[in-house]
2 protein chains.
Amino acid sequence: MLPQPHETSAIRIALESVGCRCTQQRVAVLGHLVQADGHPTADDVFQAVKLLIPSISLATVYKSLETLVTAGLATRLQGDTGLVPARYEVRGHGHHHLRCLKTGRVDDVPMNFDPELIAKLDPEIESRLRHQGFKLTGYRLELLGYYEQADSREVEPS
Amino acid sequence: MLPQPHETSAIRIALESVGCRCTQQRVAVLGHLVQADGHPTADDVFQAVKLLIPSISLATVYKSLETLVTAGLATRLQGDTGLVPARYEVRGHGHHHLRCLKTGRVDDVPMNFDPELIAKLDPEIESRLRHQGFKLTGYRLELLGYYEQADSREVEPS
DNA sequence: CTGTCTGCAAAACTTTTGCAAGAGA
DNA sequence: TCTCTTGCAAAAGTTTTGCAGACAG
C-alpha cells in the first residue's frame with residue numbers, strides 16, 4: 001500500500017524482528033520516520049501518513065509511535081516544555097543533538113557510542129561506571145547553543 | 001518569613017543580582033529548590049511552598065519557576081512524555097544526569113563544563129563547533145543504564 | 001478463529017493566559 | 001505611586017484511555 005514496496009518490505013522485516021504485528025498503520029508510521037530526515041512530531045507523522053491512509057487517527061499514530069519506541073525501533077525526543085510536542089526519530093546508529101536555542105531547530109551529529117570516551121569525560125563519571133555498578137547502555141548528549149551565522153533556518157526541516 | 005533567615009538573605013541576594021523583584025513567593029520557590037536535593041516537579045514545589053505560604057497558587061509557582069529559569073538561576077529537566085511533569089533544579093555548578101532505566105531514579109554527577117573536552121568527543125562535533133559557527137552555551141549529558149546492585153531505590157528522593 | 005489493533009470521542013494532565021486585586025521599590 | 005506580581009479560573013495543547021468493530025496471523 002505504500003509507494004515504495006521495496007522499502008516497505010525492509011520495514012516489515014524490522015517490525016517482525018521485534019515481534020510486532022505488521023499493520024499498515026505501523027508500516028506507514030515507521031516508513032515516514034525512516035524517510036523523514038528531520039524529527040517529526042506525532043502530528044507531523046499524522047499529517048503525512050494521512051495521505052497514504054486517510055482513515056488513520058491521531059491516537060493510532062501515538063500508539064504506533066509508543067509501540068515503536070518500546071520495541072527499540074524509534075526514539076522519542078522530548079520537547080522543552082510540556083506544551084511543546086515530542087519529536088520522534090528512527091533509532092539507527094545513534095547521534096547527538098545540536099539544539100539551536102534561537103530557532104528550536106535540532107540537528108543530528110553522528111555519534112560513536114564509546115563508554116570509554118564517556119568515562120574519560122570526568123573522574124566522577126568514571127567512578128560511577130567502574131565502582132558503583134552502573135551499567136551504561138546508552139547516553140544522550142544534547143549540545144545547546146546557537147549558530148552565529150544567520151543561515152540557520154527558522155524551522156527545522158519536515 | 002522562611003524558617004532560615006540566613007539562607008533567605010542569600011536567596012534574596014541571588015534574586016536581586018539578576019534583577020528580579022524579591023517577592024516572598026519567589027524566595028520560597030527558589031529556597032525550596034536550593035534545599036531539595038532531588039529534582040522536584042512544579043507540583044512538588046507547590047505542595048512544599050504551600051506550607052510556608054498557604055495562599056500561593058500553582059500558577060504562581062509555574063511563573064516563578066519560569067522566571068528563575070529565564071534568569072539563569074534554575075534549570076528545567078523535561079519529563080520523558082508530555083504528561084510527565086518537568087522537574088526543576090537550581091543551576092549551580094552543572095552536573096550530568098544518570099538515569100536508571102529500571103527505577104526511573106535520576107542521579108546527579110558533578111560536571112566540569114569544558115567545551116574542549118566535548119569537542120574532543122567526536123571529530124564531527126569538533127567540526128560543528130569550530131567550522132560551522134555553532135556557539136556552545138551548554139550541554140546536557142544523560143547517561144542511560146541501570147545499577148546492577150539492588151540498592152537503587154524505587155523512587156528518587158523528594 | 002482469536003487475540004491484537006484501530007478509530008472515535010472524551011478524558012487526563014501539565015502548563016499557560018487574562019484580568020482584577022495586591023504587594024514591592 | 002507606579003509597575004510588576006499574584007491568585008483565580010478557564011483555556012490551550014499534547015497525550016492517553018475505553019470500547020466496539022476490524023484486521024493480522
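Proteins get letters first, then strands, A, B, ... in listed order; numbering begins at 1 in each.
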So among B:I11, B:I53, B:L65, which one has a side chain to side chain contact (heavy atoms under 4.5 Å, CB included) with B:V29? B:L65
For nucleotides 3-9 of chain D, read 5' to 3', which letter fits each nucleotide if B means a protein heavy atom sits under 4.0 Å from the base, S means only the sugar-phosphate is that close, and - means neither? BBSBBBB
Atom pair distance, as rounded to whole Å: CG in A:D43 and P in D:dT14: 7 Å
Go through the structure and list residues passing side-chain hydrogen bond (donor to acceptor under 3.5 Å, both in side chains) with B:T70, not counting sequence neighbours. none
Separation of C:dC5 atom C1' from A:E66 atom CD, nearest Å, is 14 Å
Euclidean distance, atom NZ of residue A:K50 to atom C1' of C:dT6 [Å, nearest integer]: 16 Å
Nearest whole Å is fine: how far is C:dA25 C1' from B:Q24 CD? 15 Å
How long is the line joining CD of B:Q47 and P of C:dT14, in whole Å? 11 Å
Taking only the side-chain nitrogens and oxygens of A:Y62, find out if one of them lies under 4.0 Å from OP1 or OP2 of D:dT15. yes
A:E89 and A:L33, any side-chain heavy atoms less than 4.5 Å apart: no
In whole Å, I'd like the distance from the CZ atom of B:R87 to the C1' atom of C:dT14. 13 Å
Expressed in angstrom and rounded to an integer, what is the separation of B:F46 atom CZ from C:dC13 atom P? 16 Å
Are the side chains of B:V61 and B:D43 in touch, meaning some heavy atoms are under 4.5 Å apart? no
Check: A:L30 and A:L73 side chains under 4.5 Å, non-hydrogen atoms: yes
Taken to the nearest whole Å, CD/B:E16 to P/C:dG24 is 13 Å
Report the residues that fulfil side-chain hydrogen bond (donor to acceptor under 3.5 Å, both in side chains) with A:T60, sequence neighbours left out, ordered by chain and then residue number. A:S57
